[in-house]
Amino acid sequence: MQFHSACLQELHDRGFIYQCTDYEKLDAAMAEGSITGYVGFDPTAKSLHVGNLVTIMMLRVFQRHGHTPIVIVGGGTAKIADPSGKDAMRRELSDDEIQENVESILSIYAQYIRFGESPSDAFVLNNDDWLKSLGYIEFLRDYGSLFTINRMLSFDSVKSRLDREQSLTFLEFNYMLLQAYDYWLLNREHNCTLQMGGSDQWGNIVNGVELIRKLNKREAFGLTAPLVTTASGEKMGKSAGNAIWLNEAQLPSYDYWQFWRNTDDKDVGRFLRMFTDLPLAEIAELEKLEGAELNKAKAILADEATKLARGEKALPAIHETVASLFKSKDTGYSLKGQDDNGNPIVETSLPVAHVPTSSFPIVVAELLVTAGLAGSKSEARRHIQAGAVKVDDAKVSDIAETATLPENHVLKLSVGKKKHAILIATQH
RNA sequence: GGAAGGAUGGCCGAGCGGUCAAAGGCAACAGACUGUAAAUCUGUCGACGUUAGUCUACGCAGGUUCGAAUCCUGCUCCUUCCA
């Protein structure tokens with residue numbers, strides 16, 4: 001597809017476009033000048049994971065081309081919970097929880113998008129500000145009259161819930177009206193003419209576009225991104241049963257880097273386009289790599305993605321650990337002398353756990369639990385029986401095996417090839 | 001308000017008095033092979049315990065029984081139909 005607007009062209013080339021309400025008119029509007037567009041998120045979780053990254057990156061491209069992003073915090077809608085893509089009703093959140101989530105999530109957005117006062121700087125609005133004061137009767141009369149149940153029932157989010165014989169409350173059913181109202185309000189107050197979101201938002205977005213057309217007599221647009229799945233068809237964002245969180249508090253940068261490093265061969269090009277700022281020509285070159293050579297592209301993907309989420313400063317430590325661990329098959333840490341208590345100072349991006357020196361010699365299974373590599377002692381034993389456990393790269397074959405205090409008071413524990421932890425024996 | 005059906009491990013889903021820590025599938029974890037990839041094959045997959053075994057678990061609370069995921073009673077929630 002060819003566009004006049006460089007922004008839309010890039011969004012398209014990088015694979016961000018799934019559906020659009022009107023390609024031609026949106027293209028014309030974006031080519032003509034700077035427009036304002038928004039995405040919304042509901043602060044129903046503490047943090048965002050890589051699954052949420054698609055729309056964030058979309059907004060980033062949008063801003064890079066001189067357009068103005070608005071981020072809507074769904075403080076009001078969070079009280080309702082969007083039924084789209086959800087099997088069952090979510091529990092209600094307290095105001096405090098919501099506020100906490102908002103702050104944590106906005107700090108993540110700030111990594112990717114420039115907020116401020118200058119033109120094309122993004123700004124944040126909380127839909128609770130206007131939704132909380134909506135009068136029920138007025139709302140029903142002024143906006144409810146513009147929606148038909150017939151149409152609402154035809155939306156996928158609603159249909160799938162009904163088809164699966166799961167309840168859909170009236171509260172949730174109203175979600176789409178409120179989202180449409182948000183868009184309408186932004187259109188009127190901030191001349192916002194584009195709403196972006198995941199493909200599951202299509203129905204909600206279209207409602208807003210229609211509401212704007214009916215009430216403001218203006219054209220507004222909707223643009224959705226495809227649901228990003230991995231080559232094996234998995235919804236993106238989980239690994240080893242854990243979500244890949246974007247913030248460091250919930251996922252160490254080393255693990256974040258590893259997530260990208262372990263990308264499926266088939267996903268490398270696509271992910272480079274969506275989740276890094278690298279020029280498309282460069283990505284095309286990287287994509288040509290074959291076989292083991294592709295690992296270079298994966299490392300670049302990991303670097304770029306980590307740089308965005310965690311900042312450039314996170315990289316050196318990760319690189320050092322990776323080089324030690326995988327390239328020279330070394331320990332994965334380096335010693336930097338001793339502290340005042342005579343305990344070793346260790347530099348590594350692997351998880352670190354402390355054990356008092358007095359507890360040595362200690363059963364390896366127990367160490368695995370302290371280091372967080374096993375959830376229970378039984379699990380630790382199972383790992384040992386499966387031949388997965390190593391202490392300082394020496395295989396542990398007996399579940400009763402003990403580890404003795406190493407001379408430098410540091411040892412590396414491994415479960416499998418990729419999961420490691422550093423244990424430091426401390427005096428106090 | 002009435003009637004019928006349902007609730008099982010992370011998810012789906014079988015079981016319908018003992019042989020049930022509960023088939024099968026998915027997901028996950030580990031091993032082998034590789035390139036920190038995929039595919040494939042193998043093993044593991046409630047907790048504690050070296051084994052024996054103990055404990056906790058089939059929506060919640062009671063009961064019947066030598067014995068209950070399975071039967072009975074009450075409750076909660078869900079779905080469908082009628083009003």
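All heavy atoms count here, side chains included; hydrogens, waters and symmetry mates do not. In the text below, chain A, chain B and the rest are named by the order of the sequence lines, each starting its count at 1. Quick caveat: nothing in here was measured; it's all calculated off a predicted structure.
Remark: P of B:rA30 and NZ of A:K395 are 14 Å apart, rounded to the nearest angstrom. The interatomic distance linking A:L350 (CG) with B:rU36 (C1') rounds to 13 Å, in whole Å. At whole-Å resolution of the value, CG in A:D393 and P in B:rU36 are 15 Å apart. Per the geometry, NZ belonging to A:K296 stands 16 Å off C1' belonging to B:rA37, to the nearest Å. Atom pair A:I300:CD1 and B:rG35:P shows a separation of 20 Å (rounding to whole Å applied). Atom OH of A:Y256 is separated from atom P of B:rU36 by 22 Å (rounded to the nearest Å). A:K390 places its NZ atom 13 Å from the C1' atom of B:rU36, with the value rounded to the nearest Å. Residue A:E379 contributes atom CD, which lies 10 Å from atom P of B:rG46 at whole-angstrom precision.
For B:rU36, the base has a donor-acceptor partner in the side chain of A:Q258 [N/O atoms by modelled type, under 3.5 angstrom].
As rounded to the nearest Å, B:rA38 and B:rA30 have P atoms that lie 11 Å from one another. Comparing the same atom, C1', in B:rU76 and in B:rG62 gives a spacing of 15 Å after rounding to whole Å. Between B:rA83 and B:rG13, the two P atoms lie 31 Å apart (nearest whole Å). Rounded to the nearest Å, the gap between the P atom of B:rA52 and that of B:rA37 is 35 Å. If you take atom C1' in B:rU42 and the same atom in B:rU50, they sit 24 Å apart, rounded to whole Å. Separating the C1' atom of B:rA68 from that of B:rA61 is a span of 16 Å, rounded to the nearest Å. The separation of B:rU8 from B:rC60, taken at their P atoms, amounts to 10 Å, rounded to a whole angstrom. Across B:rU79 and B:rA47, the matching P atoms stand 34 Å from one another, rounded to whole Å.
Among the protein residues, A:V268 comes within range of no part of the nucleic acid, since none of its heavy atoms lies under 4.0 Å from any strand. Among the atoms of the strands shown, only primed sugar atoms or phosphate atoms (P, OP1, OP2) are found under 4.0 Å from some heavy atom of A:A386. Using a 4.0 Å heavy-atom criterion, one finds that A:G387 contacts the sugar-phosphate atoms exclusively.
Judged by Watson-Crick or G-U wobble contacts below 3.5 Å, the nucleotide B:rU79 has B:rA4 as its partner. B:rA28 is paired with B:rU44 under the criterion used here, namely a Watson-Crick or G-U wobble arrangement in which both key atom distances are under 3.5 Å. B:rA37 makes up no base pair with any nucleotide shown, lacking Watson-Crick or G-U wobble contacts both under 3.5 Å. The nucleotide B:rC60 finds its pairing partner in B:rG74, both defining distances of the Watson-Crick or G-U wobble pair being shorter than 3.5 Å.
The shortest distance between the side-chain N/O atoms of A:K298 and the OP1/OP2 oxygens of B:rA37 is not below 4.0 Å. Taking side-chain N and O atoms only, A:S378 has no distance below 4.0 Å to OP1 or OP2 of B:rG46. The shortest distance between the side-chain N/O atoms of A:S376 and the OP1/OP2 oxygens of B:rA47 is below 4.0 Å. Contact annotation: A:R382 side-chain N/O to B:rA30 OP1/OP2 distance is not under 4.0 Å.
Of all heavy-atom pairs spanning A:G197 and A:I205, the tightest one is N-CD1, 4.1 Å. In plain terms, the two heavy atoms of A:A371 and A:L413 that are nearest each other are CB-CD1, 3.9 Å.
The side chain of A:K418 lies closest to B:rA37, out of B:rA38, B:rU50, B:rA37. Between B:rU34, B:rG35, B:rG49, one nucleotide has an atom nearer to the side chain of A:K417 than all others, and that is B:rU34. Side-chain proximity of A:N262 to B:rA37, B:rU36, B:rA38: nearest is B:rU36. For A:K377, the side-chain atoms get nearest to B:rC48 when compared with the rest of B:rG31, B:rC48, B:rG35. The listed nucleotides are B:rA30, B:rA37, B:rU36; the one nearest the side chain of A:D264 is B:rA37. Checking B:rU36, B:rC29, B:rU50 against every side-chain atom of A:W257, the shortest atom distance belongs to B:rU36.
Of the possible donor and acceptor atoms, one in the side chain of A:T21 sits under 3.5 Å from a partner among the backbone N and O of A:G222. A donor-acceptor distance shorter than 3.5 angstrom exists from the side chain of A:T321 to the backbone of A:S349, with no hydrogens or angles considered.
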Inset, instruction - Would you please test A:E287 and A:R273 for salt bridge (charged side-chain N to carboxylate O under 4.0 Å, His left out) and show each step? - result: CA-CA 10 Å; A:E287 237 180 333; A:R273 276 189 291 276; 3.1 Å; yes
Legend entry - Residue pair A:K412, A:D393: steps toward the salt bridge (charged side-chain N to carboxylate O under 4.0 Å, His left out) verdict: CA-CA 8 Å; A:K412 178 177 74 166; A:D393 293 314; 3.2 Å; yes
Inset, instruction - Begin with the C-alpha distance, continue with both residues' side-chain angles, and end with the deciding distance and a verdict on side chain to side chain donor-acceptor pair (under 3.5 Å) for A:Q201 and A:Q179. - result: CA-CA 10 Å; A:Q201 295 297 310; A:Q179 190 169 332; 3.1 Å; yes
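Side-chain atoms of A:N247 and A:Y256 include no donor-acceptor pair closer than 3.5 Å.
Comparing A:A400 and A:V415, the nucleotide of RNA chain B nearest to each residue sits closer to the 5' end for A:V415. Toward the 5' end of RNA chain B, the nearer of the two residues A:R381 and A:L294, judged by each one's closest nucleotide, is A:L294.
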